[in-house]
Amino acid sequence: MLKIAGNVITIDDRLMSKRHNSLIVKKKGDYVLALKGNNKLLFNTVKEWFEVAQKADYLGREYNPA
């Protein structure tokens, strides 16, 4: 069994899912997702979010996956 609490888990796009991410959060861990350009819609959506957030100096930009 992996010790998740208090650790940062890295996940590539092959294992990225709400189920995995929710489990990590439930077990009190953090995660970093690798995002590649092969999923163009997701990549461009995230890229645009960061571009807008950077212009606003990240003020009022919050992400809640719920």
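All heavy atoms count here, side chains included; hydrogens, waters and symmetry mates do not. Quick caveat: nothing in here was measured; it's all calculated off a predicted structure.
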Next on the checklist: Let me check something: do Val25 and Leu23 share a hydrophobic cluster, defined by ILVMFWY side-chain heavy atoms less than 4.5 Å apart, either directly or through other members?
Outcome noted: no
By side chain to side chain contact (heavy atoms under 4.5 Å, CB included) - contacts of [X] (at least two apart):
X	answer
Lys36	Asp13, Asn38
Asn39	Leu41, Leu42
Thr10	Val32

Rounded to the nearest 0.5 Å, what's the gap from [atom1] on [X] to [atom2] on [Y]? Could you check?
X	Y	atom1	atom2	result
Tyr31	Ile24	OH	CD1	7.5 Å
Leu33	Asp12	CG	CG	9.5 Å
Phe43	Glu48	CZ	CD	12.5 Å
Lys47	Lys40	NZ	NZ	10.5 Å
Asn44	Glu51	CG	CD	9.0 Å
His20	Ile11	NE2	CD1	7.0 Å

